Amino acid sequence: MCSTCGCGASGHDNFEHDEHDHDVRILHTMETAFDKNNHIAFHLREEFKERGILVLNLVSSPGSGKTTLLEKTALAMSTEYKMAVIEGDQETANDAERIKNTGISAYQINTLSGCHLEAGMVQRALPSFDLDALDILFIENVGNLVCPSEYDLGEDYRVLVLSVTEGEDKPIKYPGIFISSDIFLLNKIDLVDILEFDIEKCRKYLKRINSRATTFEVSARKGTGMDEWYDWLRSAVAQKKQK
């Protein structure tokens, strides 16, 4: 099999291709994959709109605190709204089990070597939930600040969780995912002084990369700033139900 294009044709190896042919084949394959993903995402978005389900795609680095944020949100708001979570990790069902322990439904997707969720994966997870009763669907994407930015999952909002433990300059190091996000949750804000995190510099970088995004500064574990996040969710659910 050709290790460059992977076509596997009989009697075919690297030395029988020229580089231009490889480039065209790889580009065409990528375009086809994105087209397929976007087609499924379009139909997912239509279905979520018809059912009035608010859908949030949570993206971040590993260890930013997404699962803790979802646990706290579930515990604080499950008496108001019917919520569910699709969890994405390469291996284990640990995060889905944590979510289920709060009393709400969760479905684990293991991507193995994959670094992101795709719309087709979300589509296949939906039969696990009672969509007619659902108000909010959270999608916790695989921890990665690059790959998830390129895949539309049919969400209403992309929510980027940035932990102060990661340093101030993540927005300018990985601008793509920050540009494509609608909400920034600056998490573990209680550790700012301990880590000597320059919060003003981080705020400046966030604003420089994406000035339209709404930013919440929270500590999911301590509860700091979480009421503002809950209020925003209530408003977003109400707007989605009116559409």
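All values reported here derive from a predicted model rather than from experimental measurement.
By the rule that hydrophobic residues join a cluster once side-chain heavy atoms approach within less than 4.5 Å of another member, I139 and L233 end up as members of separate clusters. Clustering ILVMFWY residues whenever any of their side-chain heavy atoms sit less than 4.5 angstrom apart, transitively, puts L70 in the very cluster that holds L54. In the hydrophobic clustering of ILVMFWY residues, with side-chain heavy atoms under 4.5 Å counting as a link, V59 and V164 come out together. Under the 4.5 Å side-chain heavy-atom criterion for grouping Ile, Leu, Val, Met, Phe, Trp and Tyr, V159 is not connected to L134 through any hydrophobic cluster. Each of V122 and L58 belongs to its own hydrophobic cluster when Ile, Leu, Val, Met, Phe, Trp and Tyr are linked at side-chain heavy-atom distances under 4.5 angstrom.
Aromatic ring pairs are classed by plane angle as parallel below 30°, tilted from 30° to 60° and perpendicular above 60°; the pair Y151 and F34 is tilted. The aromatic rings of W229 and F138 lie tilted to each other, with the angle between the two planes from 30° to 60°.
A donor-acceptor contact under 3.5 angstrom links the side chains of R98 and T68, judged on distance only. No side-chain donor from either of R203 and T215 sits under 3.5 Å from a side-chain acceptor of the other. A donor atom on one side chain and an acceptor atom on the other are found under 3.5 Å apart for S61 and E166. When only modelled atom types and interatomic distance are considered, E140 and T67 share a side-chain donor-acceptor pair under 3.5 Å. Between the side chains of K66 and S60, at least one donor N or O lies within less than 3.5 Å of an accepting N or O.
For D135 and K240, the salt-bridge test fails: no basic side-chain N is under 4.0 Å from an acidic carboxylate O. With salt bridges taken as basic N to acidic carboxylate O contacts below 4.0 Å, one links R51 and E47. The pair R45-D152 meets the salt-bridge criterion, since a charged nitrogen lies less than 4.0 angstrom from a carboxylate oxygen.
Between K72 and M226 the shortest side-chain heavy-atom distance falls below 4.5 Å. Using a 4.5 Å heavy-atom threshold, the side chains of N187 and L162 count as separate. In this structure, Y107 and V85 have side chains that are not in contact, with every pair of non-hydrogen atoms separated by 4.5 Å or more. Side-chain contact between D89 and Q108: present, with at least one pair of heavy atoms (C-beta onward) separated by less than 4.5 Å. For the pair R158 and S181, the minimum side-chain heavy-atom distance is below 4.5 Å. Between I199 and E217, some side-chain heavy-atom pair lies under the 4.5 Å cut-off. Between F184 and T214, the closest side-chain pair of non-hydrogen atoms is not below 4.5 Å. Residues Y230 and E80 form no side-chain contact, since every pair of their non-hydrogen atoms from C-beta on lies 4.5 Å or further apart.
Looking only at distances, no side-chain donor or acceptor of N110 sits under 3.5 Å from a matching main-chain atom of G88. Side-chain atoms of S235 do not come within 3.5 Å of backbone N or O of W232 as any donor-acceptor pair. No side-chain donor-acceptor contact under 3.5 Å links D95 to the backbone of E87. In this structure, the side chain of T73 engages the main chain of L69 through a donor-acceptor pair within 3.5 Å. For the pair D169 (side chain) and I172 (backbone), a donor-acceptor distance under 3.5 Å is absent. Under a 3.5 Å cut-off, the side chain of N101 and the backbone N or O of E97 do form a donor-acceptor pair.
We find the CG-CD1 distance between L160 and I179 to be 12.0 Å, quoted to the nearest 0.5 Å. Atom-to-atom distance recorded for K201:NZ and R208:CZ is 10.0 Å, nearest 0.5 angstrom. Taken from CZ in F48 to CD in E155, the straight-line distance is 9.5 Å, to the nearest 0.5 Å. Between I189 atom CD1 and S163 atom OG the span is 9.5 Å, to the nearest 0.5 Å. To the nearest 0.5 Å, the span separating NZ on K170 from CZ on F178 amounts to 8.5 Å.
Taking a 6.0 Å sphere around CG of D193, one finds it holds 12 or fewer heavy atoms contributed by other residues, nucleotides or ligands. Counted within 6.0 Å of NZ on K241, heavy atoms from surrounding residues, nucleotides or ligands total more than 12; the atom is thus considered enclosed.
Nearest approach of I177 to S180, heavy atoms of both residues: O-OG, 3.2 Å. Nearest heavy-atom pair across N141 and L117 is OD1-N, 3.0 Å. Contact detail for L153 and A119: the closest heavy-atom pair is CD2-N, 3.5 Å. Contact record, L126 with I86: CD2-CD1, 4.5 Å, taken as the closest heavy-atom pair. The nearest pair of heavy atoms linking L186 to C202 is CD1-SG, 4.3 Å. Shown here for T102 and A74, the closest heavy-atom pair between the two residues is OG1-CB, 3.5 Å.
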Next on the checklist: The test is salt bridge (charged side-chain N to carboxylate O under 4.0 Å, His left out); show your working for K204 and E168 and say whether it passes.
Outcome noted: CA-CA 10 Å; K204 183 178 69 176; E168 303 89 356; over 6 Å; no
Item to check | Candidate pair D182 and R212, rule salt bridge (charged side-chain N to carboxylate O under 4.0 Å, His left out), full reasoning | outcome: CA-CA 7 Å; D182 307 289; R212 66 174 176 79; 3.1 Å; yes
